[in-house]
Number of protein chains: 2
Amino acid sequence: MAKCEQCIIKQFNSLKSLTKSELMRISSCKTSKIIKKGTVIFEEGDVLNGVYCVKDGICKLSKLSENGKDQIVKMVVKGQLLGQRSLISDASSNLQATALNDMEVCFIPKTEIIADLQKNPKFSFDVLKEMANDLKEADDVIVNMAQKSVRQRLAETLMYIHDSFGVNPDGTLSVLLSREDYASIVGTATESAIRVLSQFKKEGLISTIGKFIKIEDFNGLKRVE
Amino acid sequence: MAKCEQCIIKQFNSLKSLTKSELMRISSCKTSKIIKKGTVIFEEGDVLNGVYCVKDGICKLSKLSENGKDQIVKMVVKGQLLGQRSLISDASSNLQATALNDMEVCFIPKTEIIADLQKNPKFSFDVLKEMANDLKEADDVIVNMAQKSVRQRLAETLMYIHDSFGVNPDGTLSVLLSREDYASIVGTATESAIRVLSQFKKEGLISTIGKFIKIEDFNGLKRVE
DNA sequence: AATAAAACATGACAGATATCATATTTTAAA
DNA sequence: TTTAAAATATGATATCTGTCATGTTTTATT
């Protein structure tokens, strides 16, 4: 089994601030898991007793609205930690995590890492930084949701995915989402998301290769109103 | 000048986790300020070199959208800290803070408190907790913005203000906001906010005493669709 | 390969909300 | 007090978006 100390993934998240001995201890009690596309990793209300370090794949964090629709709040990709809040609070999760493609994750029990959060100030400061950044991003999402049209939000979502999660060799977005997922990110009806994406295609802003989306006119997307 | 060690306000925020000596040091370099209603405390892009401990009053944290409208992201009241993120990151503020009524605050320079964040794990864990909670609240706001009607959002805003910030002796909401502010919280046009509030009044869900709003039918507001 | 199921697509229509216009009322300033 | 400015209010209208209906295409399963 791979060792945390040598794992490249840890460079991308706050685990990098742990000392070698801390990493070794964690390594010895972590569990590697393969999670199949579509699997619910944890649900709203679940009490998490640890964090997941995402080695590969991507998942969505969503919350069920009272109207029965799912709202995607954030996406977590390779390199990031999933379920950070469980380290800080004993409260149950307010979000559901679902794998968007096949994932490889390491689960680190809370009991093993919580002490490091208390003792290693570099580590806790790092977690603090990530959380502050999440909060900043959440503020932006709030403003977008409140002030922009579905068309604008969808355009921005495409650009966000492009910039944050990268593209395949052929230029298509590496993250493959259903129209329903797009609707669920943007906070609109699935039909509306489909309509807008069709429109973008007609306007030459995007193209599709199979199920993949390729941004053809980045500046055009920026100018969408 | 009042001393931090004896200040009751600190009980309500993470400063309570500082030791007596830490508090005494901070106390000696803090600055008390009176901020008049309407004053912009800091703007988007400003680099904050400290945090404000709110001793009295309330302010709004807002962000300017590209369409020129302000979106209120959060409100900060007596007891809370303002500008926490400046302690964690050197980046400029992504939000603007504006006093909604006359405020009394203490400004604590970053230089004085940053060391405590690194050395006192209880304190940093406490800041972490507050930030985790802010993040959770932000998630809820995102879902509400994305999935609920203006009517529902406004009803929830009224209940939120009632529950979080309390009422005056006559039962009216203690926080006095303009219709424009309500619109800016809910993310709608000022006219729409006015219309919905008028409607709530007609329906007997709320009443007004002068400029103050009183919730008359809490369950009715809950049931708003 | 045949079939069922899921995902995608598009039209028609209704309802919600923004915008613009115009009063009215309240607050602030001279 | 008078006047100007800001906040509140309401109507008319256009636009955006959701919902329902229906059809097509793609994917999965037997």
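Both backbone and side-chain heavy atoms feed into the values below; hydrogens, waters and symmetry mates do not. Convention: sequence-line order gives letters A, B, ...; per-chain numbering from 1.
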**Complete:** The nucleotide from D:dT19, D:dG18, D:dA12 with an atom nearest the side chain of A:S192 is D:dG18

**Asked** Think B:K211 has a side-chain N or O under 4.0 angstrom from the OP1 or OP2 of D:dT8?
**Response** yes

**Prompt:** Rounded to whole angstroms, how far apart are CD on A:E191 and C1' on D:dT22?
**Reply:** 12 Å

**Request:** Whole angstrom is fine here: how far is it from OH in B:Y182 over to C1' in D:dA9?
**Result:** 17 Å

**Asked** Taking the side chain of B:R179 as heavy atoms from C-beta outward, which of D:dT10, D:dT8, D:dC20 is closest to it?
**Response** D:dT8

**Message:** What is the distance, to the nearest angstrom, from the CG atom on B:D181 to the P atom on D:dA7?
**Reply:** 9 Å

**Check: B:R195 side chain, D:dG11 base, donor-acceptor under 3.5 Å** = yes

**Item:** Between C1' of D:dT15 and CD of A:E225, the distance in whole Å
**Value:** 14 Å

**Message:** Could you check whether B:K201 pairs with B:E216 (Lys NZ or Arg NE/NH1/NH2 to Asp/Glu carboxylate O, under 4.0 Å)?
**Reply:** no

**Request:** Figure out the CG/P separation between B:N67 and D:dC16, and round it to whole Å.
**Result:** 14 Å

**Item:** Lys/Arg N to Asp/Glu carboxylate O, A:E203 vs A:R151, below 4.0 Å
**Value:** yes

**Request:** For D:dT8, take OP1 and OP2 only and decide whether either is under 4.0 Å from a side-chain N or O of B:T190.
**Result:** no

**DNA chain C contacts among residues 142-157 of chain A, heavy-atom distance under 4.0 Å** = none

**Message:** Whether A:T188 contacts D:dG18 is assessed here as follows: a side-chain N or O lying under 4.0 Å from the phosphate OP1 or OP2. Is that the case?
**Reply:** yes

**Nucleotide D:dA7, atom C1' - distance to CG of B:L100 in whole Å** = 16 Å

**Asked** For A:D70, does its backbone N or O pair with a side-chain atom of A:S62 as donor and acceptor, under 3.5 Å?
**Response** no

**Prompt:** Are any non-hydrogen side-chain atoms of A:S149 and A:Q152 less than 4.5 angstrom apart?
**Reply:** yes

**Asked** Which nucleotide of DNA chain C is the first, and which the last, in the 5' to 3' direction, to come under 4.0 Å of a heavy atom belonging to chain B?
**Response** C:dT17 to C:dT27

**Asked** Taking the six-membered ring of A:F107, is the NZ or CZ of A:K30 close enough (under 6.0 Å from the centre) and on axis enough (within 45°)?
**Response** no

**Request:** Report the residue (B:K37 or B:K69) whose heavy-atom-nearest nucleotide on DNA chain C is the more 5′ of the two.
**Result:** B:K69

**Item:** Nucleotide D:dT22, atom C1' - distance to CD1 of A:I194 in whole Å
**Value:** 13 Å

**Item:** Within residues 164-186 of chain B or reaching into it, pairs that qualify as salt bridge (Lys or Arg N to Asp or Glu O under 4.0 Å) - sequence neighbours excluded
**Value:** B:K60-B:D181

**Prompt:** Quick one: does A:M103's side chain get under 4.5 Å of A:C59's, heavy atoms only?
**Reply:** yes

**Message:** Under the side chain to side chain contact (heavy atoms under 4.5 Å, CB included) test against B:K214, which residue among B:T172, B:N168, B:I206 passes?
**Reply:** B:T172

**Request:** Would you indicate whether the side-chain heavy atoms of B:M131 and B:Q84 approach each other to under 4.5 Å?
**Result:** yes

**Message:** Categorize A:K201 for me: base, sugar-phosphate, or nothing, with a 4.0 angstrom heavy-atom threshold over every strand shown.
**Reply:** nothing

**Distance-only donor-acceptor check, side chains B:E44 and B:Q96, under 3.5 Å** = no

